[in-house]
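Numbers here are sequence positions counted from 1.
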Amino acid sequence: MKIKIVLIIFLLTFASKPYCYSNNQILVGYWHNWEDANVPYIDLESIESRFDIIEVAFATPISNQDMTMQFIPEKVTQSTFISKIQNLKSKSKKILLSIGGANTSIDLTSSQNKTNFINSLNSLLETYSFDGIDIDIEHGNSILITGGTIASPTNVAQINLIDAIKQIMTNYRTKFSKKMYLTMAPETAYVQGGQSGFGSIWGGYLPIIHALSDSIDILQVQLYNSGSMYGIDGNVYNQGTADFIIAMTEAAIKGFNTNGGRFNGIPASKVAVGLPASSSAAGGGFVDSANVYSAMNYLIGKGSKPGSYTLVQSSGYTDLKGMMTWSINWDNLKRNNTKNQFANVFESIFYSKPLSLPNKVSLVSPINNQQIEANSTTLIWNKSSPNISNYHLELKLGNTIIQNDSTINDSILKLYNLAYSSQYNWRVRAKNLSGWGEWSEIFTFKTLPLPNKVELTTPLDKEQLETNNTQLTWLIGTPNVDKYHLELSLDGKIVISDSLISANTYVLTKLKPNSDYNWSIRAHNVAGWGEWSSSSTFSSLKYPEKIVFMNPIDNKYLDDNSVVLEWNMSKPKVTNYQISVYIDNISYFDDNTIIDTKLMLKNIKPNTKYYWTVRAKNESGWGEWSKGQYFHTLGIPSKTTLISPSNNSELKADIINFSWNTTFQKVEYYKLVIMYLDNSVKLDTLVNDTNVNIFIHEKKDFDFKWKVQGINNSGIGEWSDTYTFKKILAKYNLIVKNGIGSGIYYLDSRVLIQADDVTIGKKFFKWSGDTEFVEDSLKSETVVKIPSKDITLIAEFADASAIGDDINLSFDFIINHFKNTLTLNKNYDNEIIEIYNQIGIQVVKAEYKDGINIGSLPIGIYFVKCKNRLAKFVKY
């Protein structure tokens, strides 16, 4: 009964204080004041409750030149953030403001920067009621060694940083009447790196730790993003291992020698082991839970040595302060399907509850019943917990166990040289300090079979190629083909056998012309060679087809000095043609560079018989010559025969038609020559027809002779016979009525005509009839020029009163036929103007002002009268 009461009391006590650690060890975690795509923001009040110290990241300077530190809550208001800090502090959590971070540089070289640094941090501590600060400065002059020793540094920026922290601590004690909590999280290079060399970053934190050792509450060196470091045993250890955790931690506790003097170390009660919460949280240095568990147990004297490093203090450090992680946010993400893995490991190390057996392992890859695409594979399973030390794999081929390995310390295993087309079964279980856990489920996978039969694609079976190059292609083989084997045969003999083809194509060049090829493919994978494909046949490029002539037709007679030879387009894939032309079996023209199907042969000889033939060429070579054929050239024009005017003819008309027959040959133009009987030339002209009208006019009768010759591209033909004709000067009849001058006259003769005397009361008015040949139709006596026709002129009379007794037949005027106006000079302004037609009838009477409109008058001859003056004009 007594025992039961004690047990109940213990359970009640445990229930009220859920985590009980052996020596008041604490769990420290950094908290992100930002949203990240890879790791989410966590509300302060949602932080895993096992974290004792929460380090808020980060306070940063305004700029690289101004060390005024700033911090602004990202996701909530300042007042809300302060309220949440107070709530956490009420649960005995310490909330520190971390200074710096991976991307921030701190430089307190100047006194102004130092002052800004101190004042701004004092303000932030007071505003948010932080419990202290964490020094996580990873860049800048203030953490560099520039000379001196650990105990006596010379770097002003480093000295100012030490003094600034002291002043901030003093102000905090004055303000809050308690000690300010101080932690530091240097990288290994700044602490343990001092063993390699003392300068720059190497050992850069050692003077700061030394100067503030009494005030530091926790030194939590970042055992990640480190690379390898010396342990105090003189050996080098690599990050990410149990040995690295143990060696670096003991170096921080025991101290070590440097070129700047001895570092005396920090008591274990002030040292926490700093590790990343997951492999994604740091660039390197992540340690899985089992190795963290074994390393920490050895460090605190609860377990055996896990690696090669041996503790100087063999009993371990039971008062080790605890563990730190980057970060609370990263630990909140699932790792091995479990959140807060780092907090779980911390609990399993320092919590008095016995370690439970490992959880049942869950298999990941290959998935159950998967057909793998190679005869090797990687077995993957989720890591079990808690504190797994190793795994046990059992692998069967059919019902036979072929691998039974219980020493695997990772959750991944590569298998090689598996049998093809086989079925494998596998399962895994985990082990920790308490023993083996339950076996996982059994998964099955199948290995790769031999490749399927390949299907050929191009060229198509029995395809006729249009080139002597081709690309063989086939469908990609399956499953997981790594190479192909091609066999190509010509006339039943293998000419290519290539078994190292990596792609599903193969380029063939310089195939034998006009030949038949046969080919097939098989595929290979790790299981071996598959079946050969069905064979396929293709033919390389044939020689060009025989040419067929198109123009000129065989034996055609040509009447030009050039000829267009034309033939059909040959195939396949003809690149050029050769044409040969012969005269009497002797080569006249030969060209094998012709790319068109026609050729103009210039400057051919007249009266000649030509023979020609053509052949085509392609990539395979020259095809057969065409059947030859002939064409003939006609030569220069033959003698023409004159037609009109006939020989010895007499011609009266001035327009004479000359015509002659065409020649047998094509004539470009004719040369016509007309001469006097003394052979002097009257006309020498070129015409392009066999019929032409020529104007010939003479002052007297003349005899002429004429001849014609044809001209073409071949030359000048023979003259025709010479014909003679007589050009008789024409005589025409002139009839004068009411006057004298009638008679028969030669063409262009000038004849004086005169109107008859008139009776009393009458007066000569004008001449009518063919007056266009009269010099002045208003004068009773005038001159007529005889035209090439018979003409009649009539003298007309009118009453003297109709046109006035005192008529002056001359004054100036202008007829504008475009505007239909008659214009006089200014002397006639405001005068009365009268216009009469040919028979004396008045047609216009108006006062003159700037012109008289005659648009309404019909075409004809008129008389204008003004101020006893009379003049004639013609309206047309």
List the residues meeting ring-ring contact (aromatic ring centres under 6.0 Å, His included) with [X], not counting sequence neighbours, and say none if there are none.
{"X": "Y669", "answer": "none"}
{"X": "F589", "answer": "none"}
{"X": "Y862", "answer": "F873"}
{"X": "Y723", "answer": "none"}

Could you go step by step and tell me if S520 and S533 meet the side chain to side chain donor-acceptor pair (under 3.5 Å) rule? CA-CA 6 Å; S520 59; S533 69; 4.8 Å; no

Testing N647, N648, I696 one by one against F725 for a side-chain contact (heavy atoms from CB on, under 4.5 Å), which residue passes?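 The single option meeting the side-chain contact (heavy atoms from CB on, under 4.5 Å) with F725 is I696.
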
Looking only at heavy atoms, what is the nearest atom pair of [X] and [Y], with distance?
{"X": "Y588", "Y": "I583", "value": "CD1-CD1, 3.6 Å"}
{"X": "P544", "Y": "A616", "value": "CG-O, 3.3 Å"}
{"X": "T575", "Y": "N618", "value": "OG1-CA, 4.0 Å"}
{"X": "P552", "Y": "Q629", "value": "O-NE2, 2.8 Å"}
{"X": "P459", "Y": "S536", "value": "O-OG, 4.1 Å"}

Around atom NZ of K785, are there more than 12 heavy atoms from other residues, nucleotides or ligands closer than 6.0 Å?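 No - once you tally the heavy atoms of other residues, nucleotides and ligands closer than 6.0 Å, there are 12 at most.
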
Could you check Y582, W625, F549, Y577 and say which one makes a ring pair (Phe, Tyr, Trp, His ring centres under 6.0 Å) with W612?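 When Y582, W625, F549, Y577 are each tested with W612, the ring pair (Phe, Tyr, Trp, His ring centres under 6.0 Å) holds only for F549.
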
Sequence neighbours excluded - salt bridge (charged side-chain N to carboxylate O under 4.0 Å, His left out) pairs with any residue from residues 701-725: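 Counting only pairs at least two positions apart or across chains, the salt bridge (charged side-chain N to carboxylate O under 4.0 Å, His left out) contacts touching residues 701-725 are K639-D721, D703-K726.
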
Tell me which pairs pass salt bridge (charged side-chain N to carboxylate O under 4.0 Å, His left out) where either residue lies in residues 540-555, with sequence neighbours left out.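 Listed once each, the pairs are K546-E624.
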
Using side chain to side chain contact (heavy atoms under 4.5 Å, CB included) as the criterion, list what pairs up with V687, not counting sequence neighbours.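 Expected list: W660, Y670, T685, V692.
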
Assign the ring pair W474 / W519 to parallel, tilted or perpendicular, where the plane angle (0 to 90°) is split at 30° and 60°.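 Tilted, since the angle between the ring planes falls between 30° and 60°.
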
How are the rings of F704 and Y676 set relative to one another: parallel (under 30°), tilted (30 to 60°) or perpendicular (over 60°)?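 F704 and Y676: tilted rings.
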
Sequence neighbours excluded, which residues qualify as salt bridge (charged side-chain N to carboxylate O under 4.0 Å, His left out) partners of [X]?
{"X": "K682", "answer": "E698"}
{"X": "K609", "answer": "none"}
{"X": "E455", "answer": "none"}

Sequence neighbours left out, what passes side chain to side chain donor-acceptor pair (under 3.5 Å) with Y746? Give chain and number order.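 Only K731 meet the side chain to side chain donor-acceptor pair (under 3.5 Å) criterion with Y746.
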
Taking the six-membered ring for Trp and the single ring otherwise, decide whether the centroids of Y630 and Y611 are under 6.0 Å apart.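 So the answer is yes for these two rings.
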
Is the centre of the Y836 ring less than 6.0 Å from the centre of the F863 ring?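 That pair fails the under 6.0 Å test.
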
Counting distance only, does the side-chain N/O of S646 pair as donor-acceptor with the main-chain N or O of S644 below 3.5 Å?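 Between the backbone of S644 and the side chain of S646 there is no qualifying donor-acceptor contact (under 3.5 Å).
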
Between E619 and N468, is there a donor-acceptor pair closer than 3.5 Å when you use the side chain of the first and the backbone of the second?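 Between the backbone of N468 and the side chain of E619 there is a qualifying donor-acceptor contact (under 3.5 Å).
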
Return all side-chain donor-acceptor pairs below 3.5 angstrom for residues 590-601, not counting sequence neighbours, or 'none' if the list is empty.
{"unit_1": "D590", "atom_1": "OD1", "unit_2": "Q578", "atom_2": "NE2", "d": "3.2"}
{"unit_1": "D590", "atom_1": "OD2", "unit_2": "Q578", "atom_2": "NE2", "d": "3.3"}
{"unit_1": "D590", "atom_1": "OD2", "unit_2": "S580", "atom_2": "OG", "d": "2.3"}
{"unit_1": "D591", "atom_1": "OD1", "unit_2": "T593", "atom_2": "N", "d": "2.9"}
{"unit_1": "D591", "atom_1": "OD1", "unit_2": "T593", "atom_2": "OG1", "d": "2.7"}

About how many Å separate NZ of K493 and CG of N518, when rounded to the nearest 0.5 Å?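 Separation between the atoms: 15.5 Å.
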
Measuring from T640:OG1 to N661:CG, what's the distance to the nearest 0.5 Å?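 Taking OG1 in T640 and CG in N661, the distance rounds to 6.0 Å.
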
Between T690 and S659, do the side chains contain a donor N or O and an acceptor N or O under 3.5 Å apart?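 Absent: no donor and acceptor within the cut-off.
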
Distance-only donor-acceptor check, side chains D516 and S539, under 3.5 Å: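 Yes.
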
